[in-house]
Amino acid sequence: MAITLSGDQALPGPPLSSRLTPAQVWGIVLLAPYLLVFLAFVVYPVGYGLWLARDPANYVALYNDPIFARAAVNTLIFLVIGINIKMLIALFLSGFFAQQRTWIKWLSVIFILPWAVPSIPTILSVRFMLNPEWGVINHLIFSFTGDDGPNWLNDPTVALSMAIGVHIWKSLPFWTLILITGRLAIAHDLFEAAEVDGASWWQKFRYITWPSMQTLYVTCTLLSMIWTLGDFNSVYLLTGGGPADLTHVLATLGIRYLRLDQLSLAMASIVCAMPFVLPLVYFMMKRLSR
């Protein structure tokens, strides 16, 4: 702001520091490190990735790559089938673990272990168990039947199903805990009144539990879909995208291109996940704004 005297003569306004209160100055000082971290580790990597994927020839190459089409279909299967199965199981398990019984509390400690333990040892242990030659599953099949077990990860459909199963097993405890908190927030008087009226468990779920948890359930489902788009552990650690690169999802396909020293294609494959991400983010924010 300048103070005008006459004509073109003007005096400069007071410096910015004198117009800010001490609280505002400290706020800027304390906010600056977080802003720098955000710019360095979020804005710059995303912008650099978009710049690498700017060439339209990259998307033509992806379109002509049959592995990309299969990865897009696998990603859609993960989102539509895997996530909804996981959230339905989490919804009903939350009712089981919400019961106030001592043995259920101890069982919940064991139930949460797959989520609490890091992904690399847990998923690799499942991969070793599915080994056709010395895996424990085929060893048990041979011990009980005398027949050799199948090569679990050699069939694309079975391998993708196993990857979805591992993803459900690994992340199910987290979403179950979130839905348990939603159940515990429901007033217990409603269930007591319904029980006095002779309502069955299904009627209590349909008319009390589900209306109270619907917003939380849909929000968790959308958020799980968004996170799953960037999760490559379940597929990459279990199948490595095989056999014959037929179980890749978009997240692991980018790693495949990186290993082939095709950085621009890797970034382009990640950008192609945006049509999946943006609608999910839109519906989640619209749901939360109600």
Side-chain angles (χ1 to χ4, degrees), residues 67 70-71 73-94 96-97 103-180 221 224-225 227-256 258-259:
I67 298 176
R70 183 61 181 256
V73 173
N74 292 340
T75 302
L76 191 61
I77 292 173
F78 242 94
L79 295 181
V80 175
I81 298 178
I83 303 303
N84 284 286
I85 291 176
K86 176 181 69 177
M87 296 307 299
L88 284 174
I89 297 174
L91 178 63
F92 288 100
L93 283 180
S94 65
F96 172 75
F97 285 108
W103 68 274
I104 292 180
K105 293 180 181 179
W106 284 106
L107 184 61
S108 63
V109 175
I110 301 175
F111 174 71
I112 204 174
L113 284 178
W115 172 70
V117 177
S119 298
I120 293 178
T122 53
I123 298 178
L124 287 181
S125 65
V126 175
R127 182 172 180 172
F128 294 150
M129 292 169 62
L130 295 174
N131 188 281
E133 297 179 2
W134 40 265
V136 64
I137 295 179
N138 280 6
H139 179 72
L140 291 174
I141 292 176
F142 182 80
S143 299
F144 287 108
T145 65
D147 297 328
D148 293 331
N151 191 343
W152 297 97
L153 302 180
N154 195 43
D155 182 85
T157 303
V158 176
L160 184 63
S161 301
M162 290 293 177
I164 294 176
V166 167
H167 171 79
I168 293 174
W169 168 71
K170 189 75 175 65
S171 58
L172 181 63
F174 174 79
W175 297 110
T176 303
L177 287 175
I178 298 298
L179 295 180
I180 286 175
T221 301
S224 178
M225 288 182 176
W227 287 354
T228 302
L229 281 170
D231 178 28
F232 65 91
N233 291 330
S234 302
V235 174
Y236 190 75
L237 295 176
L238 185 67
T239 69
D245 292 323
L246 295 177
T247 59
H248 275 297
V249 292
L250 291 177
T252 60
L253 185 63
I255 298 177
R256 175 183 179 272
L258 284 176
R259 295 177 63 180

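Computed from a predicted structure; not experimentally measured. Both backbone and side-chain heavy atoms feed into the values below; hydrogens, waters and symmetry mates do not.
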Exercise. Do Met225 and Thr221 touch side chain to side chain, with heavy atoms closer than 4.5 Å?
Worked result: yes
Problem set entry | Interatomic spacing from CG in Leu113 to NZ in Lys170 - rounded to 0.5 Å | 10.0 Å
Exercise. Are Asn131 and Phe128 side-chain neighbours, meaning at least one heavy-atom pair lies under 4.5 Å?
Worked result: no
Exercise. Checking Thr122 side chain against Val117 main chain: does a donor-acceptor pair fall under 3.5 Å?
Worked result: no
For this session: Mind listing the closest non-hydrogen atom pair of Leu238 and Leu153 along with its distance?
Result: O-CD1, 3.4 Å
Seminar exercise, completed: Rounded to the nearest 0.5 Å, the CG atom of Leu130 sits from the CG atom of Asn151 at a distance of 9.5 Å
Exercise. Pick from Phe96, Trp169, Phe97: which one makes a ring-ring contact (aromatic ring centres under 6.0 Å, His included) with Phe111?
Worked result: Phe97
For this session: Specify the closest pair of heavy atoms between Ala251 and Leu229, including all atoms of both residues, with the distance to one decimal.
Result: CB-O, 3.6 Å
Exercise. Would you say the side chain of Arg256 lies within less than 4.5 Å of the side chain of Ile67, judging by non-hydrogen atoms?
Worked result: yes
Exercise. Between Ser224 and Lys86, do the side chains contain an N or O donor and an N or O acceptor separated by less than 3.5 Å?
Worked result: yes
For this session: Mark yes when over 12 heavy atoms from residues, nucleotides or ligands other than Phe142 sit less than 6.0 Å from its CZ; otherwise mark no.
Result: no
Exercise. With no hydrogens and no angle check, is any side-chain donor or acceptor of Asn138 less than 3.5 Å from a backbone partner on Pro150?
Worked result: yes
Seminar exercise, completed: Leu246 and Pro156 have their tightest heavy-atom pair at CD1-CG, 3.6 Å
Exercise. Should Ile164 and Phe78 be marked as a side-chain contact (heavy atoms from CB on, under 4.5 Å) after you check the CA-CA gap, both sets of side-chain angles, and the distance that decides it?
Worked result: CA-CA 7 Å; Ile164 294 176; Phe78 242 94; 3.7 Å; yes
Problem set entry | Inter-residue atom distance Ser171.OG - Met87.CE, 0.5 Å rounding | 9.0 Å
Exercise. About how many Å separate OG1 of Thr228 and CD1 of Ile83, when rounded to the nearest 0.5 Å?
Worked result: 3.0 Å
Exercise. Do other residues, nucleotides or ligands put more than 12 heavy atoms under 6.0 Å from the CH2 atom of Trp134?
Worked result: yes
Seminar exercise, completed: The reported gap from CD1 in Ile112 to CG in Leu177 (rounded to nearest 0.5 angstrom) is 4.5 Å
For this session: Working to the nearest 0.5 Å, report the span between CH2 of Trp175 and CG of Leu88.
Result: 14.0 Å
Exercise. Does a side-chain heavy-atom distance below 4.5 Å link Phe232 with Val249?
Worked result: no
Seminar exercise, completed: Shortest non-hydrogen pair, Leu253 vs Ala71, comes out as CD2-CB, 4.0 Å
Problem set entry | Step-by-step side-chain contact (heavy atoms from CB on, under 4.5 Å) determination, Arg127 to Ile123 | CA-CA 6 Å; Arg127 182 172 180 172; Ile123 298 178; 5.8 Å; no
Exercise. For the residue pair Thr247 and Ala159, what are the closest heavy atoms and their distance?
Worked result: CG2-CB, 3.8 Å
For this session: Could you pull out the closest heavy-atom pair between Leu250 and Thr75, with the gap in Å?
Result: N-OG1, 3.0 Å
